[in-house]
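Each remark here refers to the structure printed beneath this line.
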Amino acid sequence: MKKILYSTGIIVMLIMSSSCKKWLDLQPRDGITRQGFWKTKEDIQAAVAGCYASLLAPPPSINDKALTEYIFIYGEIRADMIDAGPSGTIEEKDIFDNNIVQSNTLTSWAAFYRTINFCNTVLDFAPAVKGTDPTLTDAQLNAYISEALALRSMMYFYLVRNFRDVPLKLTSSSKDTDLQELTKTPAADILNQIVADLKKAEAGAVNTYGNTVSDKGRITKFTVNALLADVYLWMDNFTGCITECNKIMDSQKFAVQGAGSGWYNNVFYNGSSTETIFEFSNKNSVNNVFYNLLVQSKKRFIASGILTSDIFTPDDVDPDRIYDIRASAFYSGDNSIVKYGTENPSYVNWQAYRLSDIWMLKAEALAYTGAGADAINLIKDLRLKRNAVKMTEQSPDENDKDAICDYILAERSREFAFEGKRWYDLLRIAKHENYRRINVLLDMVARTVSPAVQQSAITKFRDVNSHYLPINENELFADSKLVQNPFYTK
C-alpha cells in the first residue's frame with residue numbers, strides 16, 4: 001500500500017510541476033489542477049501522499065537536492081559536529097569557514113517552498129471535493145487538512161530558523177495568474193501563523209491510522225504536539241512548550257527504548273519504533289541520500305574530532321565494557337557517520353521527532369521556569385536509557401538555569417548527533433533573552449573553524465544578523481520585492 005501511495009504521490013508531483021522559472025511557480029498550466037483532479041477522496045489522499053513524497057526527493061523534472069539533504073546540511077554545517085569530508089564541495093567548505101555569499105547554491109530555499117506549495121494545493125482544493133464525493137466525511141477531510149497544515153508549518157519553521165524573515169504564502173500557485181512577487185514577512189508573524197495553523201491541525205488530526213508504520217510516517221495529533229512544543233520553545237513560550245510535551249508524555253503511546261543490543265536497529269534501521277513520533281518514511285520506496293554524503297570513501301561530510309574528545313568522551317576505567325550506546329551506532333573509528341546505514345542503497349528513515357526530543361524540550365522549558373530539579377531528572381532518565389558514561393555526567397545546581405541548559409545542550413548533542421538539530425539548539429540557547437548567551441555561539445566558532453579565519457568568523461558571529469542565511473541571488477532576481485538579509489548587504 002505504501003508503494004502505491006508513493007507512486008501516486010510522484011505522479012501527482014509530476015502533474016503539479018512546471019517548467020516556468022519564476023519562484024514559487026510549482027504548479028501546472030491553467031486548468032489542469034481543477035479539471036483533471038480533485039474529484040474524489042482518493043484524489044486528496046494521493047495529493048497528500050505527494051506532500052510526503054516531496055520530503056524524500058524532488059520531482060523527477062526538478063534538478064535539485066532532496067529536502068532531507070538540505071535539512072541535514074542546514075542543521076549541522078554551521079555547528080560543531082561535522083567537518084568537510086574528502087569530497088566536500090567548495091560551497092560547503094565556504095560555509096564551514098563562515099564565508100557565506102548569496103551565490104552559494106546551498107542557500108536555495110526552493111525545496112521547502114515546493115513542499116509548502118504542495119500543501120497549499122491540498123488546502124485550497126480538497127474542501128471542494130465534498131461537493132463531488134459524498135463518501136468523503138468531515139472527519140476524513142479535516143484529517144487531510146491537518147496533515148497539510150502541519151507539514152506546511154514544519155517547512156516554515158525550518159525557513160524561519162534559517163533565514164528569519166521569509167515570504168509567507170498561504171495559497172497555492174495552481175495556475176499562471178496565481179504567480180506573484182512577495183515581500184518578506186517578519187519571523188514573529190510567521191511563527192504566530194505556524195502556531196495558529198498547528199492549533200487548527202491538532203483539532204482535526206487523528207490519534208492513529210490503525211497501523212504502526214502510518215502512525216510514525218504520517219502526521220498524527222502527537223506530531224502536531226511535538227512540532228508545537230518545538231516552536232513554543234523557540235519563541236520562549238515555556239509554559240506552552242511544557243503543555244504540548246505533557247500531551248505526548250501523558251498519552252503513554254511512546255516509550256524510550258533501553259540500552260539493549262537492538263536499540264539502534266529498532267529505532268533507526270528498522271524505524272517505526274516506540275520512541276518515534278514522526279519520521280520521513282522511505283522504507284521500500286526511495287533510498288535516503290546519506291550514503292554519498294556520509295559513508296562512501298569520497299564522502300562529503302565526516303564526524304568532527306570533538307565527538308570523541310568532548311561529546312562521547314570514553315570511560316576512563318573500562319571503555320571496552322562501559323560505553324555510551326550511541327557512539328558506535330552513530331559514527332565509526334574513521335569518523336564516518338553511519339547513523340543512516342552503511343549499505344547502498346539505504347532506507348534508514350529520517351527521524352523528525354522522538355520521545356527523547358520531547359523529554360529534552362520539556363527539560364529546557366522547565367529549567368527556564370524554575371523547575372530545575374525536574375529538568376535534571378529528565379536528563380538523568382535519558383542518560384540511563386542510553387548507558388551514558390560517568391565522564392559526561394554533570395552536576396548543575398537545580399537553581400542554575402544556564403548550567404542546566406548547558407547540560408541539556410550536551411546531552412542533545414549525544415542523543416541527536418547528525419539529526420539536523422545541532423545548529424538550532426545552539427542558536428536557540430544563544431539568542432535567549434536578547435542574546436544574553438551569545439558566547440555559546442562564539443565559543444563554538446572558536447573551537448571549530450580554521451585557525452586562519454577564526455578571528456574573522458568570531459567577528460562575523462558577533463553580528464546576530466549573520467546567524468541567518470542570505471537569500472539566494474536567483475530568488476532576488478526572480479522577485480523584485482525581496483530584500484537581502486541585512487548582514488549580506490555590507
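A quick note: this is a predicted structure, and the numbers were derived from the prediction, not measured.
Panel note: side chain E76, backbone G420; a donor-acceptor pair is recorded below 3.5 Å. The main-chain N or O of A352 is found under 3.5 Å from a side-chain atom of K421 such that the two form a donor-acceptor pair. Listed for the N104 side chain is a donor-acceptor partner under 3.5 Å among the backbone atoms of E91. With hydrogens and angles ignored, the 3.5 Å screen pairs a side-chain donor or acceptor of K221 with a backbone N or O of E202. Without hydrogens or angle criteria, N246 side chain to T243 main chain gives no donor-acceptor distance under 3.5 Å. Listed for the N142 side chain is a donor-acceptor partner under 3.5 Å among the backbone atoms of D138. Looking only at distances, no side-chain donor or acceptor of D479 sits under 3.5 Å from a matching main-chain atom of E181. D133 places no side-chain N or O within donor-acceptor distance of the main-chain N or O of V129, the cut-off being under 3.5 Å. The closest donor-acceptor contact from the side chain of K299 to the backbone of F301 lies at 3.5 Å or more, if one exists at all. For the pair N472 (side chain) and Q102 (backbone), a donor-acceptor distance under 3.5 Å is present.
Looking only at atom types and distance, the side chain of T276 has a donor-acceptor partner in the side chain of S273 under 3.5 Å away. R152 and N120 are linked by a side-chain donor-acceptor pair at a separation below 3.5 angstrom, with hydrogens and angles left out of the test. No donor-acceptor contact under 3.5 angstrom links the side chains of E275 and Q257, judged on distance only. A donor-acceptor pair shorter than 3.5 Å cannot be found between the side chains of S172 and N117. In this model, no donor atom of one side chain and acceptor atom of the other lie less than 3.5 Å apart for T212 and S272. With no hydrogens or angles considered, a side-chain donor-acceptor pair links D230 and Y353 at under 3.5 Å. Counting only N and O atoms by type, the side chains of Q193 and D189 include no donor and acceptor under 3.5 Å apart.
V195 is listed as a side-chain neighbour of Y232, based on a closest heavy-atom distance under 4.5 Å. Side chains of T115 and L67 form a contact here, defined as non-hydrogen atoms less than 4.5 Å apart.
Under the 4.0 Å criterion applied to side-chain N and carboxylate O atoms, R422 and D425 are not assigned as salt-bridge partners. Under a 4.0 Å N-O distance rule, the pair E244/K362 does not qualify as a salt bridge. Between R428 and E364 there is a salt bridge, with a side-chain nitrogen of the basic residue lying less than 4.0 Å from a carboxylate oxygen of the acidic one.
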**Asked** Checking side chain to side chain donor-acceptor pair (under 3.5 Å) for the pair N485/K184: CA distance, chi angles, key distance, verdict?
**Response** CA-CA 10 Å; N485 291 341; K184 293 192 296 186; 2.8 Å; yes
**Request:** Apply salt bridge (charged side-chain N to carboxylate O under 4.0 Å, His left out) to K339 and E419, showing your working.
**Result:** CA-CA 9 Å; K339 192 168 195 172; E419 292 187 33; 2.6 Å; yes
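A centroid separation of less than 6.0 Å is found between the aromatic rings of F280 and F278. In this structure, the ring of H432 has its center less than 6.0 angstrom from the ring center of Y368. Side-chain rings of F290 and F72 approach one another, their centers coming within less than 6.0 Å.
With W109 as the fixed residue, the ring-ring contact (aromatic ring centres under 6.0 Å, His included) test singles out one of F163, Y74, Y468, Y70: F163.
Ring geometry, W263 versus F330: the interplanar angle falls from 30° to 60°, so the pair is classed tilted.
Annotation: cation-pi geometry not satisfied between K130 and Y144 (NZ/CZ under 6.0 angstrom from ring centroid, within 45° of ring axis). By the 6.0 Å and 45° rule, K431 stacks over the aromatic ring of W234. For the pair R161 and Y158, the distance from NZ or CZ to the six-membered ring centre is under 6.0 Å and the angle to the ring normal is within 45 degrees. Relative to the ring axis of F118, R114 does not place its NZ or CZ within 45° and under 6.0 Å from the centre.
When all heavy atoms of A66 and L56 are compared, the pair lying nearest together is CB-O, 3.3 Å. Nearest heavy-atom pair across F238 and T369 is CB-CG2, 3.6 Å. Here the shortest heavy-atom pairing between Y340 and Y264 reads N-OH, 4.2 Å. Here the closest heavy-atom approach between residue C241 and residue A365 is recorded as SG-CB, 4.0 Å. Shown here for E343 and Y269, the closest heavy-atom pair between the two residues is OE2-CE1, 3.2 Å. Counting all heavy atoms, side chain and backbone alike, H467 lies closest to R78 at O-NH1, 3.1 Å.
R326 pairs by the side-chain hydrogen bond (donor to acceptor under 3.5 Å, both in side chains) definition with D324, E411, E415, not counting sequence neighbours.
The environment of K247 atom NZ is dense: over 12 non-hydrogen atoms of other residues, nucleotides or ligands sit within 6.0 angstrom.
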